[in-house]
Amino acid sequence: MTLEEQFALLKRGTIEIVPEEGLKAKLKKSSETGKPLKVKLGLDPTAPDIHLGNAVVLRKMRQFQDLGHEVIIIIGDFTAAIGDPSGRSVTRPQLSEEEIQRNAKTYYDQYCLILDPAKTKVVFNSEWLGKLSFEDAIKIASKLTVARVLERDDFASRLSEGKPIGLHEILYPMCQAYDSVVLESDVEVGGLDQKFNILLGRDLQSQFGQEEQVGLFMPILVGLDGVQKMSKSLGNYVGVTESPKDMFGKLMSIPDELMHDYFELCTDVPLEEIKAIDEGLASGKLHPMEVKKRLAREIVTIYHSAEAAAEAQAEFERVFSQRETPEEMPDIVLSPEDLVDGTIWIVRLLVKAGMAPSNSEARRLVQQGAVTIDGKKITEPSANISPVDGQVVRAGKLRFGRIKLLR
RNA sequence: GGGGAGAUGCCCGAGUGGUUAAAGGGGGCAGACUGUAAAUCUGUUGCCGUAUGGCUACGUUGGUUCGAAUCCAACUCUCCCCA
């Protein structure tokens, strides 16, 4: 592959490369010296649950690997204690050694779905950040200015809205930038929300007399709600390890307008084909639901298999299009102590089944007509029912359970 | 160090003595409809075994009052201006 082709491949899907010439130069140098580029990615250890939004970046990393470069994943165990200043950060507890190891293992299992483990190195930033003395930290800090750090969007808006900014939070970008110095990274990939931190890495590297890394920015994947970015804490995400069924269903719930971005960022469907889909939708030749099913199938296939995707689709159609019951559902185990004269209060049953967090919530579900047993609607919250082994309890569209009686 | 403003339910945000489990919006959940767990519309959204009922809740702790999210005091935290 020529350098131009390599560059074109890497550029695809990115929002911005800073600077483009820098990346070209690094690719050239790497091919001349035979030395792979160090491509850096930082991950937060507190949420070891990789979702499609993270995958956008990881898939880009994979391309670098396929071109022979080295990927270095930094688990931000040290910086996690600070808490990323973006959003309503709450200071997080320092993770224990075991937790870190466990999370690292989880990460490994998950990113292997996307990355080539043979070309991936994992490091923890506590390895070097934890060893800095206060004096060292101050020396690093002296290379940056307050104004420079306050340029950052989060800080600027929090400042103008009168919201607090912890002094330690200001150090977060510095820590991330220093990671780049320690690793002598050539490229750092990240979402656009990482722009500031990654560019700061460039500044700091040059302060330390190093060649500056190239920043490569991917678009932020919008979450299932169609408004906010996909993130675990907002609950609007699809995890890469989720079951085919959940993945399919969640993807079917995205607003229609999001389909284009998902095709582009989360699948391998060629760009020309995506364009054809857009046109088909605009002209009415393609049905949005069918397109969305295709999208869901493509994504499930990446993380599971084509067969699993087909099954997930069949299940989805059975449950939501035909309103039938799913093939598999959790058991609601009832022991004799749960029954009074062979009956159980419907509200109690729902709470016991985990379908409602409280009696009040369960009562509401019943009153709203969301609860059926074997297809028969229960509308009276005071009802006592006589459970029969194998009966299907349904609350709303998503919650199912099969009664299992113990004797 | 001085002066000023503020802390309300998952989030934002009204509310300055009773009719406030607390307006409105967001989010969540449910129903209808449908083309899908899209969109739209409607309802609902503290907890308690079934309640013209009880309990908990408006930063914390006390106080005033028949009655407090609302008044008073102290404390904790945050923001702004000045130094």
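Convention: sequence-line order gives letters A, B, ...; per-chain numbering from 1.
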Throw together a table of side-chain donor-acceptor distances under 3.5 angstrom for residues 12-24 of chain A, partners on residues two or more places apart or in other chains.
residue	atom	partner	partner atom	Å
A:Thr14	OG1	A:Lys11	O	2.6
A:Glu16	OE1	A:Lys195	NZ	2.7
A:Glu20	OE2	A:Lys11	NZ	3.3

Which value, in whole Å, describes the distance between the P atoms of nucleotides B:rC58 and B:rC10?
12 Å
Please state the P separation for the pair B:rC71 and B:rU16 - nearest whole angstrom.
9 Å
Gap between atom CG of A:Leu334 and atom NZ of A:Lys404 - 0.5 Å precision:
11.5 Å
Is there a donor-acceptor contact under 3.5 Å linking the side chains of A:Ser185 and A:Gln213?
yes
I'd like to compare against my own output: the B/S/- annotation of nucleotides 39-46 of chain B with a strict under-4.0 Å heavy-atom distance to protein.
----BSS-
Kindly state which residues belonging to residues 274-290 of chain A come within less than 4.0 angstrom of RNA chain B, counting heavy atoms of the residue only, listed by number.
A:His287, A:Pro288, A:Met289
Any residue of residues 260-268 of chain A with a heavy atom less than 4.0 Å from an atom of RNA chain B
none
Dot-bracket, 5' to 3', for RNA chain B please: Watson-Crick or G-U pairs under 3.5 Å, [ ] where pairs cross earlier ones, | where the partner sits on another strand, dots elsewhere.
((((((((.[[[..)..(.....]]]((((((.......))))))(((....)))...[[[[[..)....]]]]]))))))).
Quick one: do A:Gln194 and A:Gln176 satisfy side chain to side chain donor-acceptor pair (under 3.5 Å)? Show the steps, please.
CA-CA 10 Å; A:Gln194 289 298 313; A:Gln176 188 172 335; 3.0 Å; yes
Once ring pair (Phe, Tyr, Trp, His ring centres under 6.0 Å) is applied, what residue pairs with a partner in residues 290-338 of chain A remain, sequence neighbours excluded?
A:Phe248-A:Phe316, A:Phe316-A:Phe320
Indicate, with a heavy-atom threshold strictly under 4.0 Å, whether A:Asn236 touches base, sugar-phosphate, or nothing.
nothing
Charged N to carboxylate O under 4.0 angstrom, A:Arg59 versus A:Asp268?
yes
Salt bridge flag under 4.0 Å for residues A:Arg158 and A:Glu169:
yes
Can you check whether A:Arg399 has a side-chain N or O nearer than 4.0 Å to OP1 or OP2 of B:rA30?
yes
Output yes when at least one side-chain N/O atom of A:Lys250 is less than 4.0 Å from OP1 or OP2 of B:rU36, else no.
no
